[in-house]
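Note that the structure is predicted; figures quoted are calculated from it, not measured. Below, chains carry the letters A, B, ... as their sequence lines are ordered, and counting in each starts from 1.
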2 protein chains.
Amino acid sequence: MAKESADVTRQRILHQCLPLFAAAGFDGVSMRQVATATGLTTAALYYHFPDKEQLFLAVVEDCFSQRVTPLMPGPKSPGDDPWAHLEAFVSAFVSLLVRVPSFQRLMQWVALDRDETRARQMTERVFEPFFLGVADLLPVTLGEEERHALTVSVMGLMVFPFETQVARQWLPGYKPPSQVSTQLVQHILKLLKAGVTG
Amino acid sequence: MAKESADVTRQRILHQCLPLFAAAGFDGVSMRQVATATGLTTAALYYHFPDKEQLFLAVVEDCFSQRVTPLMPGPKSPGDDPWAHLEAFVSAFVSLLVRVPSFQRLMQWVALDRDETRARQMTERVFEPFFLGVADLLPVTLGEEERHALTVSVMGLMVFPFETQVARQWLPGYKPPSQVSTQLVQHILKLLKAGVTG
DNA sequence: GTCTATACGTGGATAGAC
DNA sequence: GTCTATCCACGTATAGAC
């Protein structure tokens with residue numbers, strides 16, 4: 001491996017160890033595994049990142065900002081169909097969860113992290129803009145707490161089917177979300193528009 | 001510590017290390033920590049459980065079966081309000097998530113486990129009866145796949161607000177689920193009955 | 001049943017050569 | 001920038017006494 005610029009190597013490390021952390025989480029991946037996956041030694045890794053935690057945070061932040069930011073919809077215009085923006089976003093986000101399983105798994109790991117500092121950092125840099133973007137897609141008439149609750153519900157309806165794939169695979173009526181993503185989007189929108197009874 | 005029967009000690013271990021595994025997951029807890037928490041030595045732990053994995057599985061299974069089984073509602077009668085059973089169950093389950101945070105966190109950790117054997121075991125012994133019980137609460141007219149999708153949605157609406165507590169705590173409109181559990185239940189039921197526009 | 005003592009691997013991290 | 005070599009703490013797990 002010829003020497004390459006620090007920036008390039010750093011980015012390469014980030015991309016190549018993403019699947020590892022997505023699969024096994026922070027505690028489940030060793031620096032030696034990361035080294036093997038990137039074709040470097042642990043010593044070289046420590047040249048690019050001060051410690052394992054900073055490496056992990058960099059991986060998460062890189063993945064989130066690259067994937068989520070481009071998804072956020074533009075501002076609403078007054079004349080628009082109030083549902084059109086929401087449907088477009090739900091569709092795009094579900095599509096992301098299907099296309100990039102590592103992203104979805106990483107979200108799950110991050111949600112379990114109870115460290116105050118890391119949680120705050122993650123919220124500010126990636127979760128907050130995402131959350132507020134979704135909240136903006138909802139009807140303007142909602143109060144603050146109602147809007148918050150509904151935002152959580154919309155996110156849960158999109159994410160939870162992916163989080164529970166492994167556990168559901170032997171249950172009646174199961175199809176992998178990747179194979180029924182269109183139906184999933186329609187299911188969510190029907191529920192939001194009119195509830196169970198349609 | 002006087003000697004006690006193996007059964008009693010075993011049960012005590014299960015209860016005392018539940019909060020540890022709930023907080024940090026399988027990889028985040030060492031046998032030495034479990035030993036400290038239970039007032040035993042690691043050697044004594046290995047007298048009661050063959051290895052760490054079996055200990056963890058026993059903790060999960062004990063917690064789930066103790067908490068979830070008593071929650072499952074009885075069979076529906078023809079004359080009942082179709083929503084009453086569902087509301088009672090949602091209310092009881094949300095109440096469980098509030099009362100026993102360890103249970104909720106353990107669910108999250110288990111959902112991330114990708115080991116086929118463990119996943120299959122967990123599904124058969126605890127998740128399947130739960131899932132089918134929720135599915136039974138839904139309208140009889142639904143097709144199999146539609147029923148499955150809706151079951152996932154109902155579970156997601158209940159669980160996701162708890163899973164995302166840490167990340168949401170600084171966002172506008174946030175109140176801890178434990179302080180707004182009644183509103184959460186009403187929010188979920190309103191959504192299921194009639195969608196966003198109520 | 002529980003202890004003390006310990007084997008032995010693997011973890012994160014660093015020093016210093018090139 | 002990347003390597004080889006290494007330190008040392010901590011992980012799981014066991015042997016054998018009581």
Side-chain angles (χ1 to χ4, degrees), chain A residues 1-62 106 109-110 112-115 117-118 121, chain B residues 1-60 62 109 112-115 117-118:
Chain A
M1 184 80 59
K3 286 185 191 179
E4 40 185 12
S5 82
D7 275 4
V8 171
T9 309
R10 198 188 131 95
Q11 204 61 31
R12 195 168 53 79
I13 296 171
L14 258 29
H15 277 80
Q16 290 182 330
C17 68
L18 165 63
L20 299 185
F21 283 122
F26 182 79
D27 288 330
V29 177
S30 71
M31 291 300 272
R32 294 190 219 268
Q33 285 176 274
V34 174
T36 304
T38 54
L40 294 172
T41 61
T42 64
L45 293 177
Y46 280 93
Y47 173 81
H48 294 280
F49 301 91
D51 57 27
K52 186 185 172 186
E53 173 157 336
Q54 293 306 310
L55 167 60
F56 180 73
L57 283 174
V59 169
V60 175
E61 202 168 343
D62 179 70
L106 215 51
W109 288 113
V110 170
L112 275 164
D113 191 348
R114 275 156 72 266
D115 181 274
T117 312
R118 283 198 296 273
Q121 199 170 322
Chain B
M1 183 80 61
K3 286 184 189 179
E4 39 186 11
S5 79
D7 275 4
V8 171
T9 308
R10 198 189 132 96
Q11 204 60 31
R12 194 168 54 80
I13 296 170
L14 258 29
H15 277 79
Q16 291 182 330
C17 68
L18 166 63
L20 299 184
F21 282 122
F26 182 80
D27 288 331
V29 178
S30 72
M31 291 300 271
R32 293 194 221 264
Q33 286 175 273
V34 174
T36 304
T38 54
L40 295 172
T41 60
T42 63
L45 293 177
Y46 281 94
Y47 172 82
H48 294 280
F49 300 91
D51 57 27
K52 186 186 174 184
E53 173 157 336
Q54 292 307 310
L55 167 61
F56 180 73
L57 283 175
V59 169
V60 175
D62 179 69
W109 287 113
L112 274 164
D113 190 350
R114 275 156 72 264
D115 180 274
T117 311
R118 282 198 297 272

Any side-chain heavy-atom pair from [X] and [Y] closer than 4.5 angstrom?
| X | Y | value |
| --- | --- | --- |
| A:L18 | A:H15 | no |
| B:L112 | A:L112 | yes |
| B:L20 | B:V59 | no |
| B:C17 | B:L55 | yes |

At 4.0 Å (heavy atoms only), tell me whether [X] reaches a base, stays on the sugar-phosphate, or touches nothing.
| X | value |
| --- | --- |
| A:T41 | base |
| A:V34 | nothing |
| B:V8 | nothing |

Could you tell me the separation between the CE atom of A:M31 and the P atom of D:dT2, rounded to a whole number of Å? 14 Å

At what distance, to the nearest 0.5 angstrom, does CG of A:L14 lie from OG1 of A:T38? 11.0 Å

Selection residues 24-54 of chain A - residue pairs positive for ring-ring contact (aromatic ring centres under 6.0 Å, His included), sequence neighbours left out: A:F26-A:F56

Between the protein and nucleotides 7-9 of chain D, which nitrogen or oxygen pairs are less than 3.5 angstrom apart?
none

Listed in order of residue number, which residues of residues 20-28 of chain B have a non-hydrogen atom at under 4.0 Å from DNA chain C? none

Examine D:dG1: is either OP1 or OP2 under 4.0 Å from a nitrogen or oxygen in the side chain of A:T9? Give yes or no. no

Residue-phosphate contact under 4.0 Å: A:S30 side-chain N/O, C:dT10 OP1/OP2: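 Checking C:dT10 against A:S30, no side-chain N or O comes under 4.0 Å of OP1 or OP2.
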
Taking only residues at least two apart or on different chains, which pairs with a member in residues 42-55 of chain B satisfy salt bridge (charged side-chain N to carboxylate O under 4.0 Å, His left out)?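 Output for this query lists B:E53-B:R118.
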
Bend across the helix from C:dG1-D:dC18 to C:dC18-D:dG1, to 10°, with axes taken over 5 pairs at each end?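 What I find for the helix from C:dG1-D:dC18 to C:dC18-D:dG1 is an axis angle of 10°.
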
Hey, is the main chain of A:T42 close enough, under 3.5 Å, to the side chain of A:R32 for a donor-acceptor pair?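 Not at all, since once roles are kept as given, no pair shorter than 3.5 Å links the two residues.
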
Close approaches to DNA chain D from residues 45-62 of chain A, in residue order (heavy atom, under 4.0 Å):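 Contacting residues: A:Y47, A:H48.
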
Could you tell me which non-hydrogen atom of A:T117 sits nearest to which non-hydrogen atom of A:D115, and how far apart they are?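 In terms of heavy atoms, the two residues are closest at N-OD1, 3.1 Å.
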
5'-most contact on DNA chain D: A:A6 or B:A43, nearest heavy atom basis?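 Counting from the 5' end, the first nearest nucleotide belongs to A:A6.
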
Taking only the side-chain heavy atoms of A:L40 (C-beta and beyond), determine which of D:dA13, C:dA13, D:dC3 contains the nearest atom.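 Of the candidates, D:dC3 comes closest.
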
